[in-house]
Protein chains: 2
Amino acid sequence: MDTKTLCLGVISLGAASGYEIKKAFEEDGLNHIYHTSYGSIYPALTALTKEGLVVCSAMAQEKRPDKKVYTITEAGRGALLTALSAPPAEDKFRSDFLFTMFFAHLLPPQHVAKLLDERIAWYEGNLAKMESSQGCNAFVHGMGLAVYRSAADYLKSHRQEFLDHLSSADKLVAE
Amino acid sequence: MDTKTLCLGVISLGAASGYEIKKAFEEDGLNHIYHTSYGSIYPALTALTKEGLVVCSAMAQEKRPDKKVYTITEAGRGALLTALSAPPAEDKFRSDFLFTMFFAHLLPPQHVAKLLDERIAWYEGNLAKMESSQGCNAFVHGMGLAVYRSAADYLKSHRQEFLDHLSSADKLVAE
DNA sequence: TTTCGCATGTAAACAGTTACATGATTAC
DNA sequence: GTAATCATGTAACTGTTTACATGCGAAA
């Protein structure tokens, strides 16, 4: 899915500006699905407008840059449906944290402990946020919650065991 | 983490060729952490060699292209340690599947059902593979298992509810 | 006989992030 | 006064994927 399709999807839920699309990717339950930046959103909106998939109406604002609100067209709805009907590409996941844990035996155990604690705190912070705001798609929102919860639970319940294991391996090397 | 660091990590576990590094990212419990392709691995190995972080020994093979086996140097171990000590970047996740589910209300329910079933089958296939082969890091491997299991369980237990919800919403629109 | 696995590598195309550029308002 | 929010956009840089190029051996 390219940024154009992502923007088209958000706009299909209601007219929005580039700024609001970015916010949707940070807040509206889309944050654990995809990431984007202004550098890809604004050019995508320009391209969508040229292709006639959205129309742009500039809203003049006092003492602010004009807010450009994009509305989906019929052609846009068709293009979105086509994009959504294609077989979805494989999920792409990349985690520096997990990669680092894979090589935890090379690091000082107290550094690993810090990374684990930070990660647990991150999950718990995110879970709290997600639990308070039900996203606009309960199924997807629920899946995000379920996965994050299991990740947090796993880390909490295996943290000590893992650290113990690292220390004992360390000792063996020292001997 | 750039591809150079990823390769350095794999080589630190034992001398390997570019081909074997790719396999490690597909099989050895690294597959749910990072993805790479030959197009990024081979140039990374060339760069690592130039920087003196690995050394390359060509193994002549009969009726095959020479196999180039890379071994990590002391400088390489130092560089890996430095890279692993840096604060890990945020996880990056992108899922066409979840994005499509977010807009499932636009699709025919039987198409959504097919996508859900395919996804459940994908998780179960992966889980079976992962359960049979314990990766070389039990902690990371266990985390992958836990997360995949919770995703599969969520999909299985909410599949029908979600489809029912889509159909009933459809009916309301039709009326 | 066709596909899969082994085995390396380059170049072009594509995509995405970051930094830059600008600037007022509001809440702390 | 300082940070955050609102608001848009470009350009350079970085990184990744895909296609191309080559080719044998073994298994299905």
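By convention in this document, chain letters (A, B, ...) are assigned in the order of the sequence lines, proteins followed by strands, and residues within each chain are numbered from 1.
Salt bridge status for Lys92(B) with Asp96(A): absent, with no side-chain N to carboxylate O gap under 4.0 Å. Salt bridge status for Arg159(A) with Asp164(A): absent, with no side-chain N to carboxylate O gap under 4.0 Å. We find that Glu27(B) and Lys129(B) are not joined by a salt bridge, their nearest charged nitrogen and carboxylate oxygen being 4.0 Å or further apart. Salt-bridge formation is detected for the pair Lys156(B)/Glu124(B): a Lys NZ or Arg NE/NH1/NH2 atom is positioned less than 4.0 Å from an Asp or Glu carboxylate oxygen.
In this structure, the CD atom of Glu26(B) is 14 Å from the C1' atom of dA7(C), given to the nearest Å. Between the P atom of dA15(C) and the CE atom of Met1(A) lies a distance of 14 Å, rounded to the nearest Å. Separating the CZ atom of Arg94(A) from the P atom of dT14(D) is a distance of 17 Å, rounded to the nearest angstrom. Taking atom CD on Glu27(B) and atom C1' on dC6(C), their separation rounds to 13 Å, with Å as the unit. Distance Ile41(A) CD1 to dG9(D) C1': 12 Å, rounded to the nearest Å. Atom CG of Asp2(A) is separated from atom P of dT18(D) by 14 Å (rounded to the nearest Å). For Tyr38(B) and dG9(C), the OH to C1' distance is 12 Å, given to the nearest whole Å. One atom, CG of Leu45(B), and another, P of dG9(C), lie 8 Å apart when rounded to the nearest Å.
Within the nucleic acid shown, Tyr70(B) comes within 4.0 Å of sugar-phosphate atoms alone, with no base atom in reach, counting heavy atoms only. Across all strands shown, Thr46(B) has no heavy atoms under 4.0 Å from either base or sugar-phosphate atoms.
Contact check, Ser37(A) against dT17(C): a side-chain N or O comes under 4.0 Å of OP1 or OP2. Side-chain nitrogen and oxygen atoms of Lys68(A) include none within less than 4.0 Å of the OP1 or OP2 phosphate oxygen of dT8(D).
If Tyr42(B) and His35(A) are placed on DNA chain C by their nearest nucleotide, the residue sitting closer to the 5' end is Tyr42(B). Position along DNA chain C of the nearest nucleotide to Thr3(A) versus Gly18(B) favours Gly18(B) as the more 5'-ward residue.
Nearest to the side chain of Lys67(B), among dA7(C), dT8(D), dG16(C), sits dA7(C). Here dT5(D) is the nucleotide among dT5(D), dG5(C), dT10(C) with the atom lying nearest to any side-chain atom of Tyr19(A).
Using a 4.5 Å heavy-atom threshold, the side chains of Ile33(A) and Met143(A) count as separate.
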